[in-house]
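Throughout, protein chains are lettered first and strands after them, A, B, ... in sequence-line order, and every chain is numbered starting at 1.
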Amino acid sequence: MDYLNDLNPEQKKAVEHTEGPLMILAGAGSGKTRVLTYRIAHLINLGVDPFKIMALTFTNKAAKEMKERITRLIGSNESMNVWMGTFHSVFAKILRSEADKLGYPSNFTIYDTDDSKSLIKSIIKELNLDDKVYKPNLVLGRISSAKNNLLSAEEYNKNTSIQSEDQQSKKPLIGKIYSLYVKRCFRAGAMDFDDLLYQTNILLRDFPEVLYKYQDRFEFILVDEFQDTNFSQYTIVKKICARRENICVVGDDAQSIYAFRGANIQNILNFKRDYPDVKTYKLEQNYRSTKTIVQAANSLISKNKNQFKKEVWTQNDSGKNIALFKTTTDNQEGWLVANQIFDTKINQQSFNKDFAILYRTNAQSRAIEEALRKKNIAYRIYGGLSFYKRKEIKDVLAYFRLSLNPKDDEAIKRVINYPKRGIGKTSIEKIALTANEKSKSIWEVISTESLQEVAINNGAKKKIEDFVHIIELFVAQTKTMQASDVGHQIASSSGVLKDLYTDKTPEGLSRHENIQELLNGLKDFEEQKKAQGEELVLLESYMQEISLLTDNIEQDNQELEDSVSLMTIHAAKGLEFPYVFIVGLEENLFPSQLSIYDRNQLEEERRLFYVALTRAEKQLFLSYADTRYRWGKLVVNTPSRFIEEIDPKYIDEKFSKAQTRSNTTEFKTQTPLFGKGYQKRKLTKVAPSQPSSIHTDSTEQIYVGSSVKHQKFGKGKVVHIEGQPHNKKATVYFEGAAGKRQLLLKYAKLEVLT
DNA sequence: CTGTCCTCACTTTTT
DNA sequence: GTGAGGACAG
């Protein structure tokens, strides 16, 4: 148990507390993830079956990082079996295996926010409501928060206080939209993001035997970022751990930044109420940042009224003061950041990857990007327009979805006339009308005799029938063919590839490339599964894997490796960088104008700033601009109130007048050159980046003649190796029934026997 | 039914 | 400044 020596006394106590409820209040940089990972490793070392441990995180990034760290600690074989992932992905998995109980198909579609919004739009239209009053975003928000508070549509309509709220805001029919929305999702065999949690609650509530099963299966539950859980999530966890109460939650109220989405800091308070004999440990020693950063952050967060008492401290050096830059325009701000990075790199001998630039909204990245490009500083944008959100990718994925679940109305609406087939708006509307009358999905209308009852001309009917035949073919193929083959087939037979191929504009080429990239990712996925011993890899399993991915997954590419990170503060949570720039510190931007009239919302913004400050290890740079382009208009700003809330003894104000004049003019003349950056944007790959350094290294130790062991196939001998380093393919003869196999080493996780 | 031009809303954050 | 969606002509 040497690893316990890596921990400080408080951390160690938390790790060694195995049975019974446990709450860890962990300040920023206090080794929260370390405690979680060590605790899981410790449980396994004590003989707990990894299958019986469930570890829930909030984001894919956090899940991925924890997986990697556990693998490093205890090896992949054990860690693979821990149920670890985001709330949404873990419960999606459970819902798929229990779907029939809820009347859903096990291959239900997951609607993303765009799907939900588009469905809501069509419902609003059908009800002849004004979408200026019933703004789809707002309606979706109401429905979402209802679900996250476990209110069904029926309950929503019965609840007098909600109804009077909706009356008062002159939107009395939101409840009706909610009911219809639920009906449509069900009809389409689809769940939205909130359903993944809501329906899990229903499942555990209405099927005691199912609840019992999972209570029995999960002996230990760990929840990361507990302050960000909403009521729905908390209820699931509470139910599953009710029998043993082996629940460990880790959180920091000072870093709660998702209240806007229904997260409830009260959950931390409730926790003490629900588990009176809970053991609480506070991790207050910060290992990440300098004294200056820690104390500056403390001085800021002390302005919040709602918080737990906690004193974060550090033994680290004092470090440099925070640098505060005032600039005149957003472009100048970008330029200043780029220059500062350039200088710091030389003075401190640091790398691009040591820097992060954090902002409140994604739109702010533009000015920064231009400046970095001009200075030739490599950068990477996290979040923003993710690969899966691109139009062309969503089109192909809609065909994939349709081939797996033809009842998916949102997918059908997306592609029934893309590429152009001469099926116009009027026809689709008439079909949708018939579908609603019969309470059937669009597919059930167009693929049966019901189509004859729709009042459209025969030409259009013929075109629709052709479309149905294509999809029917795809449906059949997805059941028997390898995922990558079906993928190619669908991309070309649907006409999508051809449509983009004929488009020779740079955008068209880039879209075509993106689809190739998607198909490559699909192939990679298939190879990976085959290496794990699966014979037939279906498209279905791929779609289940990616439907909850919104991040861009990192590409293992040397060039991208050393780059400056650009991201929103929300996306930066849980990460750390030696040098951190926080830009756009202006009133109405940060804090956002939507939050300044409400104490709670303002405090959330302040916590967000706290999160930003505490990302830094060595030094912080803050900046604001007097004017900034927003919505194409020049806006004049005053500095953010948050700047003054940091104890001024930690801040050095910098004005750079000399640089201001010469460089803004240079900037203006050159800006147009960088107007179109579309095709230069990075391409991201779909390949799940399982291989950590451990695996990549070990593949280099496999030679012809090596004796190896495979998780599924057992022992074997390597007879042939081909391919590039880090991407080698080996032919292996296995002793058992598996016989001769070709495996990609980077996925196969072969153990070398000596 | 399709293509083009115009208007308008969009900027809070994620699964 | 951009992209989605509506109005209108062909």
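- When the nucleotides dT2(B), dG5(C), dT15(B) are ranked by their closest atom to the side chain of Thr86(A), dT15(B) comes out on top.
- The side chain of Thr426(A) sits closest to dC1(B) out of dT11(B), dC1(B), dT14(B).
- Within the nucleic acid shown, Asp194(A) has no heavy atom closer than 4.0 Å to any nucleic acid atom.
- Between Lys135(A) and dC10(B) there is no side-chain N or O to OP1 or OP2 distance below 4.0 Å.
- In terms of phosphate contacts, Thr568(A) brings a side-chain nitrogen or oxygen within less than 4.0 Å of OP1 or OP2 of dT14(B).
- Between Asn201(A) and Thr235(A), the side chains place no donor N or O within less than 3.5 Å of an acceptor N or O (distance only, hydrogens not considered).
- Straight-line distance from the CG atom of Asn457(A) to the P atom of dC1(B): 7 Å, rounded to whole Å.
- With respect to the salt-bridge test (charged N to carboxylate O, under 4.0 angstrom), the residues Arg414(A) and Glu410(A) do not qualify.
- Between Asp112(A) and Lys389(A) there is no salt bridge, since no side-chain nitrogen of the basic residue lies less than 4.0 Å from a carboxylate oxygen of the acidic one.
- Protein atom CG of Leu140(A) is 14 Å distant from nucleotide atom P of dC10(B), rounded to whole Å.
- Nearest-nucleotide positions on DNA chain B for Ser592(A) and Phe87(A) put Ser592(A) closer to the 5' end.
- Among dT14(B), dG5(C), dT2(B), the nucleotide with an atom closest to any side-chain atom of Lys420(A) is dT2(B).
- Using a cut-off of 4.0 Å between Lys/Arg side-chain N and Asp/Glu carboxylate O, Asp115(A) and Arg401(A) are scored as salt-bridged.
- The phosphate of dG5(C) (OP1 or OP2) has a side-chain N or O of Lys121(A) nearer than 4.0 angstrom.
- The pair Lys147(A)-Asp192(A) meets the salt-bridge criterion, since a charged nitrogen lies less than 4.0 angstrom from a carboxylate oxygen.
- At a threshold of 4.0 angstrom between heavy atoms, the contacts of Phe58(A) are confined to the sugar-phosphate backbone, with no base atom among them.
- Here the P atom of nucleotide dT15(B) and the NZ atom of Lys61(A) are 8 Å apart, to the nearest Å.
- For the pair Tyr258(A) OH and dT13(B) P, the computed distance is 10 Å after rounding to whole Å.
- At whole-Å resolution of the value, CD in Gln364(A) and C1' in dT13(B) are 12 Å apart.
- A sub-4.0 Å separation between OP1 or OP2 of dT15(B) and a side-chain N or O of Asn148(A) is absent.
- For a distance-only test at 3.5 Å, the side chain of Thr113(A) qualifies as a donor-acceptor partner of the base of dT15(B).
- Here the P atom of nucleotide dT14(B) and the CG atom of Asp112(A) are 14 Å apart, to the nearest Å.
- Note on Lys391(A): only backbone sugar-phosphate atoms sit closer than 4.0 angstrom, heavy atoms only; bases stay farther off.
- Between Glu605(A) and Ile428(A), the residue whose closest nucleotide on DNA chain B is further toward the 5' end is Ile428(A).
- Salt-bridge check for Glu369(A) with Arg366(A): failed, with every basic side-chain N at 4.0 Å or more from each acidic carboxylate O.
- Residue Lys132(A) is classed as a sugar-phosphate contact, given heavy-atom separations below 4.0 Å to backbone atoms only.
- For Lys125(A), a side-chain nitrogen or oxygen approaches OP1 or OP2 of dG6(C) to under 4.0 Å.
- Protein atom CG of Leu197(A) is 12 Å distant from nucleotide atom C1' of dT14(B), rounded to whole Å.
- As judged by a 4.0 angstrom heavy-atom cut-off over every strand, Ser89(A) is placed among residues making no nucleic acid contact.
- As rounded to whole Å, 13 Å separates atom C1' of dT11(B) from atom CZ of Arg366(A).
- If you check every strand for non-hydrogen atoms under 4.0 Å, Lys573(A) touches nothing.
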